[in-house]
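Have a look at the structure below, then the notes.
Side chains included, hydrogens not; waters and symmetry mates left out as well; all remaining heavy atoms used.
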Amino acid sequence: MYSISVTLPAYNEEANIRPMVLEVVDVFDGLVARGQISDYEVVVVNDGSKDKTGEVVDALSREHPKVRLVNHEVNKGYGAAVYTGFVSARKDLVFLTDSDKQFDVSEISKLLPLMDEADLVAGYRAPRRDPFKRRLFGMGWSTVVTVLFGYTVRDVDCAFKLFRREIIESIDIASRGATFSAEFLVRAKRKGYRFREVAVTHLPRVAGTQTGAKMHVILRAFRELIRFRWQLWQE
């Protein structure tokens, strides 16, 4: 049986973070009770939130010893928060999901059995329940990544991934912005790790504010992507 580190990047998720963490604890306590995993931890990376996200998680960590808070003193961006969660993980497997309650955490049960034949299992949102502009940008982004680097997974930025911790220990990732997921997948694929994919439920956001579709975020992502493509040509 595997142990799992659940990593949750969070930025200004005061309205979502407590119910999200409690959902994770409930689901993973059940997995332990049923003998499907041996142990788990929940690593919440508070990415310099301006609201009370960090305070809420700090209180939760006192209620639930398996919850651990990691703070960024200033906002560093989504990719940096994901990376911090990955390198802070201590268990056999790392499970990434977001703090905005747009995924059904219990669907980790779809991914776990595939780890016997894969090193990384990536969810894809079927269908994606985001505003049209975000869906359009997401489709375009995945297409550009595929054109530049070859196929990795169909939904590059889907925040529902389970992988062996050794992957993050064996590759160097320069990006800390929106290109982080693409670089992580491309480098893991080039290293020879085995991928599998599975459809997962995606839910509309009911609280908090999305930031990924802002123009400065998109422009930074494309700059990082071109720089990454150039780096691979030099290697």
Review point. At what distance, to the nearest 0.5 angstrom, does CZ of R164 lie from CG of L120?
Key: 10.0 Å
Check your understanding: Side chain of R165, backbone of V87: donor and acceptor closer than 3.5 Å?
Key -> no
**Study point:** Check: V43 and V70 side chains under 4.5 Å, non-hydrogen atoms
**Key:** yes
Point to revise | Presence of salt bridge, E23 and K101, under 4.0 angstrom | key: yes
Exercise for review: Could you tell me whether the side chain of E41 and the main chain of V6 form a donor-acceptor pair under 3.5 Å?
Suggested key: no
Check your understanding: Y193 and S170: side-chain donor and acceptor closer than 3.5 Å?
Key -> yes
Review point. Does the side chain of L232 reach to within under 4.5 Å of the side chain of F228, using non-hydrogen atoms?
Key: yes
Review point. Can you check whether A126's main-chain N or O pairs, donor with acceptor, with R129's side chain at less than 3.5 Å?
Key: no
Check your understanding: With a distance cut-off below 6.0 Å to the six-membered ring centre and an angular limit of 45° from the axis, does R125 pair with F160 as a cation-pi contact?
Key -> no
Study note, to complete from the structure: For K110, the side chain to side chain donor-acceptor pair (under 3.5 Å) test, sequence neighbours excluded, returns none
Revision key, fill the gap. Shortest non-hydrogen pair, V94 vs A89, comes out as CG2-CB, 3.7 Å
Point to revise | Given S5, S3, S38, the one that forms side-chain hydrogen bond (donor to acceptor under 3.5 Å, both in side chains) with D92 | key: S3
Check your understanding: To the nearest 0.5 Å, what is the distance between CG (N71) and CG (N46)?
Key -> 4.5 Å
Check your understanding: Is there a donor-acceptor contact under 3.5 Å from the side chain of T7 to the main chain of G85?
Key -> no
Exercise for review: Using the test salt bridge (charged side-chain N to carboxylate O under 4.0 Å, His left out), find all partners of D47 that sit at least two apart in sequence or belong to another chain.
Suggested key: none
**Study point:** salt bridge (Lys or Arg N to Asp or Glu O under 4.0 Å) assessment of R18 paired with E63
**Key:** CA-CA 11 Å; R18 182 176 177 85; E63 298 173 27; 3.3 Å; yes
Check your understanding: CG/L162 to OG1/T97 distance, rounded to the nearest 0.5 angstrom?
Key -> 11.5 Å
**Study point:** T179 (side chain) donor-acceptor with A221 (main chain) under 3.5 angstrom
**Key:** yes
Exercise for review: Identify which one of F195, F184, Y2 satisfies the ring pair (Phe, Tyr, Trp, His ring centres under 6.0 Å) criterion when paired with F163.
Suggested key: F184
Check your understanding: Do F103 and L203 come within less than 4.5 Å of each other through their side chains, counting heavy atoms only?
Key -> no
Check your understanding: Looking at residues at least two apart in the chain, or sitting in another chain, which of them share a side chain to side chain contact (heavy atoms under 4.5 Å, CB included) with D98?
Key -> P9, Y78, D100, A159
Check your understanding: Could you give the distance from CG (L96) to CG (L8), rounded to the nearest 0.5 Å?
Key -> 8.0 Å
Review point. Taking atom CZ of R128 and atom CD of Q102, what is their separation to the nearest 0.5 Å?
Key: 8.5 Å
Practice item. Without swapping roles, check the side chain of S175 against the backbone of G177 for a donor-acceptor pair under 3.5 Å. Key: yes
Exercise for review: May I ask you to check whether S99 and E13 show a side-chain donor-acceptor distance below 3.5 Å?
Suggested key: no
Point to revise | Over 12 foreign heavy atoms within 6.0 Å of CG, D172 | key: no
Point to revise | Pairs satisfying ring pair (Phe, Tyr, Trp, His ring centres under 6.0 Å), at least one member in residues 35-77, at least two apart | key: F28-Y40
Review point. Would you say the side chains of E14 and T53 form a donor-acceptor pair under 3.5 Å?
Key: no
Revision key, fill the gap. By salt bridge (charged side-chain N to carboxylate O under 4.0 Å, His left out), E55 pairs with (sequence neighbours left out) none
Check your understanding: Does any pair with a residue in residues 144-154 pass side-chain hydrogen bond (donor to acceptor under 3.5 Å, both in side chains), and if so which ones, sequence neighbours excluded?
Key -> Y151-E197
Check your understanding: Would you call D39 and K66 a salt bridge, using N to O less than 4.0 angstrom?
Key -> yes
Point to revise | Steps toward side-chain contact (heavy atoms from CB on, under 4.5 Å) verdict (V145, L225) | key: CA-CA 8 Å; V145 172; L225 198 66; 4.2 Å; yes
**Study point:** Rounded distance [0.5 Å steps], CD in E183 versus OH in Y83
**Key:** 10.5 Å
Practice item. With the side chain counted from C-beta on, respond yes when V42 and L60 share a heavy-atom pair under 4.5 Å apart, and no when they do not. Key: no
